[in-house]
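All remarks here apply to the structure that follows.
Quick note on labels: first sequence line is chain A, next is B, and so on, each numbered from 1. Side chains included, hydrogens not; waters and symmetry mates left out as well; all remaining heavy atoms used. This structure is a prediction, so every number in the text was calculated from the model and none was measured.
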Number of protein chains: 2
Amino acid sequence: MSTVPAFKRLPRAVREQQMLDAAVRVFSRRGFHAASMDEIAEDAGISKPMVYAYLGTKEELFVACLHREGTRMMQAIAGAAAPDLPADERLWRGLRAFFGFVGAHRDGWAVLYRQARGEQPFAGELAAMRARLVEVVAGMLDHALRAEGREIAAVDLEVVAYALVGASESLADWLADHPEADPEKTATRMMNVAWLGAAQLLHGVTWRPPTH
Amino acid sequence: MSTVPAFKRLPRAVREQQMLDAAVRVFSRRGFHAASMDEIAEDAGISKPMVYAYLGTKEELFVACLHREGTRMMQAIAGAAAPDLPADERLWRGLRAFFGFVGAHRDGWAVLYRQARGEQPFAGELAAMRARLVEVVAGMLDHALRAEGREIAAVDLEVVAYALVGASESLADWLADHPEADPEKTATRMMNVAWLGAAQLLHGVTWRPPTH
DNA sequence: GCGTAACCCTACGCACGAGTAGGTATGCTC
DNA sequence: GAGCATACCTACTCGTGCGTAGGGTTACGC
């Protein structure tokens, strides 16, 4: 008997996205280990074997979440920071996009950074993404430096970039925990710390340890 | 029959430290969840019920590790940054002590930051410690500001401090993953990023978002 | 209108690891 | 050297949750 459609039996592509949505929510709420596949399935309005059929084991599912959220974030940033702008403008737009993304996807951020960092199986995945970020930032700095006719050793550049990325991640955490905070304002503050320091470096000013 | 002592039957205080040593090692190697109490016990050269008798459940054990390592770190920093020095000197000494500690206690650092951050039960514990760090840094900045006859809103100060702490943590992670890197040099680099930017802020220079 | 493939379910097996019960040996006090 | 506390062990119980076996139902091609 043909009852109401009962909105079931959706095509695979749709269900996979629903599952990923649910997974991101649950992982972010409980953490990787405390999250159970049963809860994810229930949250997605589907039964467990379906999750296994489509997305594989728990680890694979988590990696899939990581990938989707990470890609979205990188796209948000890349889309905002056009490569033909001056360095400070690029940095500003990149930061604004970044904090905007975190503010809008607090769940995704929690999955991405708070969970993935601790668990060895995913640390590599995460490190690769961070490396791409660092590379982008280092590229900006290097570009600005050459425009000034200066150069810095590649290692130093990378470490500075690493510090900036770290500071941003830290503020992003802060933002995720303060729902009332304004992403734009946070980006401005980060820009103040980052750019004022970086600009000094770009102009050849450096700090040297006291010798005694 | 009195055989060789077989180095057993140690007083509680000693065994507790051995257990904590083992726990820090195993937690840092495996992560909180993947670490088993059996492995910790074995690594400590003792049987599992002893661990339960002395340090309690797995969570309590982890908190104990967190406490010990955290206290050691805070002491290392506090001992180095005497409060009567000028701000830049304090910051420098604090950073040097911090990176020195991380370089020497990579295991402890991994437990502290990589594990504790992700798992909700310990996030609070960790946040409290970080809050103390942020407070110290914010205090330095504030002190330096007043010396210059300036003031900044407390929130901004805290956020800047938060960013600096985050950048340091990030570089500490980097340091923990690069055994060949020199803690002192890392501290110098961090000082460059942190102080050059902060000094600008202290002198009233700020960056403002473009208005268009 | 009938096969076949995609979608979806209920119900289980099974390993792993936290925590404990219950007992033994060794040193310390008096 | 009797009594007692402390250090220590082997050997279990038992919940939890991952992953699967095996079977049902709807759509779609032909």
### Message
Tell me whether the side-chain N or O atoms of B:Arg9 pair up with the base of D:dT6 as donor and acceptor below 3.5 Å, since no angle test is needed here.
### Response
yes
The correct set of residues in residues 40-49 of chain A placing a heavy atom under 4.0 Å from DNA chain C is A:Ile46, A:Ser47, A:Pro49
Practice item. Report yes if at least one side-chain N or O of B:Arg15 is closer than 4.0 Å to OP1 or OP2 of D:dC8; otherwise report no. Key: yes
Rounded to whole Å, the CG-C1' distance (B:Leu10 to D:dA7) equals 9 Å
Checklist entry - Under 4.0 Å: is that the gap between some side-chain N or O of B:Tyr54 and OP1 or OP2 of D:dT6? => result no
Could you pull out all donor-acceptor pairs under 3.5 Å where a side-chain atom in residues 174-181 of chain B meets a protein atom, sequence neighbours excluded?
from, atom 1, to, atom 2, distance (Å)
B:Trp174, NE1, B:His178, NE2, 3.3
B:Asp177, OD1, B:Arg114, NH2, 2.9

Applied to residues 135-145 of chain A, the side chain to side chain donor-acceptor pair (under 3.5 Å) test, sequence neighbours excluded, yields A:Asp142-A:Arg146
Taken to the nearest whole Å, CD/B:Glu16 to C1'/D:dC8 is 15 Å
Q) Looking at A:Glu119 and B:Arg30, does any basic side-chain N land under 4.0 Å from a carboxylate oxygen? A) no
Residues passing the ring-ring contact (aromatic ring centres under 6.0 Å, His included) test with A:Tyr52, sequence neighbours excluded, are none
Quiz item: Distance under 6.0 Å and angle within 45° of the ring axis: does B:Lys58 meet both against B:Phe27?
Solution: no
In numerical order, the residues of residues 55-63 of chain A whose heavy atoms come under 4.0 Å of DNA chain C are none
- request: Compare all side-chain heavy atoms of A:Val159 with those of B:Met190 and state whether any distance is below 4.5 angstrom.
  value: no
Between A:Asp107 and A:Arg25, does any NZ, NE, NH1 or NH2 come within less than 4.0 Å of an OD or OE carboxylate oxygen? no
Return a table of donor-acceptor pairs under 3.5 angstrom between the side chains of residues 75-84 of chain B and protein atoms on other chains or two or more places apart.
none

*Under 4.5 Å between any side-chain heavy atoms of B:Met50 and B:Arg15, yes or no?*
no
Any side-chain heavy atom of B:Arg93 sitting closer than 4.5 Å to one from B:Leu85?
yes
The first and last nucleotides of DNA chain C lying within contact of chain A, meaning any atom under 4.0 Å from one of its heavy atoms, run from C:dA6 to C:dT10
From CE of A:Met50 across to C1' of D:dG23 the rounded distance in Å is 13 Å
Atom CG of B:Asp38 and atom C1' of D:dC9 are separated, to the nearest Å, by 14 Å
Taken in chain and number order and not counting sequence neighbours, the residues that satisfy ring-ring contact (aromatic ring centres under 6.0 Å, His included) with A:His67 are none
Applying ring-ring contact (aromatic ring centres under 6.0 Å, His included) to B:Phe99 and not counting sequence neighbours gives none
Sorted by number, residues from residues 23-37 of chain A placing a heavy atom under 4.0 Å from DNA chain C are none
- Item | Check ion pair B:Glu39-B:Arg29 (N to O, under 4.0 angstrom) | yes
Considering only heavy atoms from C-beta outward, does the side chain of B:Leu20 approach that of B:Leu61 to under 4.5 Å? yes
Bend of the helix from C:dG1-D:dC30 to C:dC30-D:dG1 from end-axis comparison, five pairs per end, nearest 10°, comes to 10°
Do B:Trp92 and B:Trp195 touch side chain to side chain, with heavy atoms closer than 4.5 Å? no
Residues 59-83 of chain A vs salt bridge (charged side-chain N to carboxylate O under 4.0 Å, His left out), sequence neighbours excluded, gives A:Asp21-A:Arg68, A:Glu69-A:Arg72
